[in-house]
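Worksheet: one structure, shown below.
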Amino acid sequence: MNSSAHPHFKTHFAELFRAAANAIATPDANVRIELTRTKQASHGDYSCNLAMQLAKPLHKNPREVAGLLIDALPASPYLEKVEIAGAGFINLFLKHSAKQQCVHQVLQSKEMFGHSDSGQGKKIQVEFVSANPTGPLHVGHGRGAAIGASLSSVLTAAGFNVSREFYVNDAGRQMDILTLSTWLRYLELNDIHIPFPQNAYQGDYVKSMARLIHQAHAERYVHHPELVLDGLPVTVLETVVSTDEHLDLLIANAKKVLGQDYAYIHNFVLTEQLGDCRNDLMEFGVEFDTWFSEQSLYDNGSVARTIQLLNDKKYLYEQDGAIWFRSTDFGDEKDRVVQRENGQFTYFASDIAYHLNKFERGYEQVINIWGADHHGYIPRVKGALQALGLDPAKLEIALVQFAVLYRDGKKAPMSTRSGEFVTLRELREEVGKDAARFFYVMRKSDQHLDFDLDLAKSQSNENPVYYVQYAHARVCSVLAQWDGDAADLIEADMAALSSPAELALLQKLIDFPDTVEMAAKEFSPHLIAFYLRELASEFHSYYNSTRFLVPEIALQHARLALIAAIRQVLKNGMTLLGVSAPDKM
RNA sequence: GUGCCCGUAGCUCAAUCGGAUAGAGCACCAGCCUUCUAAGCUGGGGGUUACAGGUUCGAUUCCUGUCGGGCACGCCA
């Protein structure tokens, strides 16, 4: 990347303009040097608005400043010409040779093209998915998984030291409800029929787990129904009334009558669901470096210690028998309970401990990918970090809007508890991993995603991932029919590539590293998806207008080298998104 | 009711911390396969960037208000 033969143009030109700005003795040397790619060919390849920024402090009109800057601009071997345009833009035109050399760079760097060291090895953690292990992942989780995985890959490519983490909520009430649900299903298998609460987990996977326990342990966990229903109103015997109190009583009874066996069932369902989740995600191309247990924060005293720390700093107070954190000191709407009247810590309490733990592990930047419905939770978490003396700016919360499912043109219901949901696994099996991964990151993460199941399942040519993959397969096909060795193309002379389409393609390849950097900086993997579609589009157009296997060897090799480079960049981009790059379609 | 996010072509979405004539895909219309993969390409119509003000050389972008939509407002997780 840093070879003087292959400069990073934006950086290179920024240095030239910095020198020019200093030379004309600007009173404000702190201006940011901005270089942007132009939209129109008549505006050159790169544009700089420095003259307009300096016009005011220099008390001169922008075009005059532009003239001074150009006069002071050090010579560059890559520039064909420099022009003043519009209100004072300075447009840079690259020499053809400067563009052509990027083919060599791509073919030499191979899968590393697009990688940079701009992240400087900074330790950064991305926490995502973190779904309750109480049932199969659904298509909503899928979006967080796809965005988190792609963003992690992008950050890695941009030179960050990335750690992917899944926070396992194994300590809460939801796990108790799943444990109870499984046990009730197990009792049914033993001909003990207790009305199954509506707000318990209804899914078939609960029955499956009950069968596994039944097969392995027969009637070992059977208890008399009267004990199970102890203390519950008589009416529940006939109905499936389902209040939280009802459920909590059942859970309490289960813990009482099962004793040590409760922990066994709890652990069994947790292990089952976590294993299922892990496999599901692995098949989706999503893997984690760390699966972090919430329960461990209780077991090793982290939660109690963290709360004590907040208390020492005078951010806690007691009211109505509960312990509150004064989050309003940090802009939250109201104070929040960290320890309930019954002595139980809240989820918020363990979450504070968790975030403190993240920074204790040395991460310089932490990114949480959350569903947008959690946005109200941000002020209290950031507030807690601030209270603990940490910089809340080091925690970045990326909100992901839920995917809204459409089936037969209507919204599909989504509720884990009721069992009416489309699972991620189902989606993968029907539309394929590639389509699902690409589809999920096709739009900005803070935008709603309308997921048309019928369209996604139809395998029609409307699926955008095929368009990009097809470009890759087409290049493979051409190179397979050429009787040379692709490795030799690195030596090809690119001077023959001078048509507008070819020069535009060369510039597009040059743009790839910038796009990766931008995606990393803005936490926006969708930029990669858009880039790939644009590159594929330009290639398809080029393919239809130009023959590659032409008789003139120099021209043939130059064109083949170009499409080989395009193939490499398409593959690198698709890899970032977890999409495969097939050789044939 | 309060807070946060959003409102761009018929539909789904882009637009590089404020830049030049706001761009793609789908849909619609008209064309292109005896030539390297037609899952492709070429051309066409489509817009007061919800609305009204403000800030400045310049606003889809920033500020205020109105309208419309989403989400959140537990001693749940």
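Every chain is numbered from 1, with letters handed out A, B, ... down the list of sequences. Just so you know, these numbers use all the heavy atoms, side chains as well, and skip hydrogens, waters and symmetry mates. Nothing here was measured: the structure is a model prediction, and the numbers come from that model.
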Worksheet item: Reckon A:Glu341 touches a base, only the sugar-phosphate, or nothing at all at heavy-atom distances under 4.0 Å?
Response: base
Item to complete: Using a 4.0 Å heavy-atom cut-off across all strands, classify A:Arg547 as base, sugar-phosphate, or nothing.
Response: base
Fill in: Upstream residue (5' side of RNA chain B) when A:Gly86 and A:Ser537 are each assigned their closest nucleotide
A:Gly86
Worksheet item: So what does A:His540 hit on the nucleic acid, given a heavy-atom distance under 4.0 Å: a base, only sugar-phosphate, or nothing?
Response: sugar-phosphate
Worksheet entry | Expected output: side-chain A:Thr182 to main-chain A:Leu178 donor-acceptor under 3.5 Å | yes
Worksheet item: Under 4.0 Å between a side-chain N or O of A:Tyr377 and OP1 or OP2 of B:G3?
Response: no
Practice prompt. Classify the nucleic acid contact of A:Asp320 as base, sugar-phosphate or nothing, counting any heavy atom under 4.0 Å across all strands shown.
Written response: base
Worksheet item: Is A:Phe89 stacked on the base of B:A20, with ring centres under 5.5 Å apart and planes under 30° apart?
Response: yes
Practice prompt. Rounded to whole angstrom, note down the P distance from B:A59 over to B:U16.
Written response: 15 Å
Discussion item. Say we look at B:A38 and B:C32: how far apart would their C1' atoms be, to the nearest angstrom?
Written reply: 9 Å
Worksheet item: Looking across every strand, which nucleic acid part, if any, lies under 4.0 Å from A:Asn132 by heavy atom: base, sugar-phosphate, or nothing?
Response: sugar-phosphate
Item to complete: Taking atom P in both B:U48 and B:C6, compute the distance separating them and give it to the nearest angstrom.
Response: 23 Å
Discussion item. When the P atoms of B:C62 and B:G44 are compared, how many Å lie between them, rounded to an integer?
Written reply: 33 Å
Worksheet, complete the sentence: Taken to the nearest 0.5 Å, the spacing of A:Ser302 OG from A:Asn357 CG works out to 6.0 Å
Worksheet item: So which nucleotide from B:C41, B:U21, B:G19 ends up closest to the side chain of A:Gln40?
Response: B:U21
Worksheet item: Should the ring pair A:His557 and A:Trp482 be called parallel, tilted or perpendicular, given that the plane angle runs from 0 to 90° and is split at 30 and 60?
Response: perpendicular
Item to complete: Kindly assign one of parallel, tilted or perpendicular to the pair A:Phe330 and A:Phe325, based on the angle between their ring planes and the thresholds 30° and 60°.
Response: parallel
Worksheet, complete the sentence: Per nearest nucleotide of RNA chain B, the residue lying toward the 5' end, A:Ser42 or A:Arg336, is A:Ser42
Worksheet item: If the C1' atom of B:U60 is compared with that of B:U8, how far apart are they to the nearest Å?
Response: 7 Å
Response to the item:
To the nearest 0.5 Å, atom CD of A:Gln507 lies from atom OG1 of A:Thr38 at 7.5 Å
Practice prompt. Could you work out the separation of B:U49 and B:U35 based on their P atoms and round it to a whole Å?
Written response: 47 Å
Worksheet item: Which nucleotide in the set B:U16, B:U37, B:G19 lies at the smallest distance from any side-chain heavy atom of A:Lys584?
Response: B:U37
Practice prompt. With heavy atoms under 4.0 Å as the rule, sort A:Ala480 into base, sugar-phosphate or nothing.
Written response: nothing
Discussion item. Let's see if you can work this out: which of B:U16, B:A77, B:G19 has an atom nearest to the side-chain heavy atoms of A:Asn169?
Written reply: B:A77
Worksheet item: Any donor-acceptor pair under 3.5 Å between the side chain of A:Asn91 and the base of B:A20?
Response: yes
Worksheet item: Reckon A:Phe348 touches a base, only the sugar-phosphate, or nothing at all at heavy-atom distances under 4.0 Å?
Response: nothing
Item to complete: Would you indicate what A:Tyr470 reaches in the nucleic acid, counting non-hydrogen atoms under 4.0 angstrom: base, sugar-phosphate, or nothing?
Response: base
Response to the item:
Of the candidates B:A14, B:A38, B:G74, the side chain of A:Tyr543 sits closest to B:A38
Worksheet entry | Inter-nucleotide P distance (B:G65, B:G25), Å rounded | 39 Å
Discussion item. Categorize A:Ser541 for me: base, sugar-phosphate, or nothing, with a 4.0 angstrom heavy-atom threshold over every strand shown.
Written reply: sugar-phosphate
Worksheet entry | Side-chain-base donor-acceptor pair under 3.5 Å for A:His375 and B:C5 | no
Discussion item. Is it the case that B:A20 (base atoms only) and A:Ser47 (side chain only) share a donor and an acceptor within less than 3.5 Å, ignoring hydrogens and angles?
Written reply: yes
Fill in: Nucleotide nearest A:Arg533 (side chain, heavy atoms from C-beta), chosen from B:U16, B:A24, B:C13
B:A24
Item to complete: Would you indicate what A:Thr515 reaches in the nucleic acid, counting non-hydrogen atoms under 4.0 angstrom: base, sugar-phosphate, or nothing?
Response: nothing
Discussion item. Is there aromatic stacking of A:Phe548 on B:C36 here, judged by a ring-centre distance under 5.5 Å and a plane angle under 30°?
Written reply: yes
Worksheet item: Which nucleotide in the set B:G40, B:A20, B:U37 lies at the smallest distance from any side-chain heavy atom of A:Asn544?
Response: B:G40
Fill in: A:Thr38 side-chain proximity, nearest of B:C75, B:G40, B:A20
B:A20
Worksheet item: Would you call A:Glu165 and A:Lys358 a salt bridge, taking side-chain N to carboxylate O under 4.0 Å as the test?
Response: no
Worksheet item: So which nucleotide from B:A15, B:A38, B:C73 ends up closest to the side chain of A:Leu527?
Response: B:A15
Fill in: A:Leu549 side chain, from C-beta outward: closest of B:C36, B:A15, B:C71
B:C36
Worksheet item: Side chain of A:Lys444: nearest nucleotide among B:C75, B:A15, B:A77?
Response: B:A15
Discussion item. Under the criterion of centre distance below 5.5 Å and interplanar angle below 30°, is A:His526 classified as stacked on the base of B:A14?
Written reply: no
Fill in: Pairwise P distance for B:U61 and B:G19, with rounding to whole Å
11 Å
Practice prompt. Describe, in one word, how the ring planes of A:His374 and A:Tyr377 are oriented to each other, choosing from parallel (under 30°), tilted (30 to 60°) and perpendicular (over 60°).
Written response: perpendicular
Worksheet item: Is A:Glu294 reaching over with its side chain to a backbone N or O of A:Tyr167, donor-acceptor style, under 3.5 angstrom?
Response: no
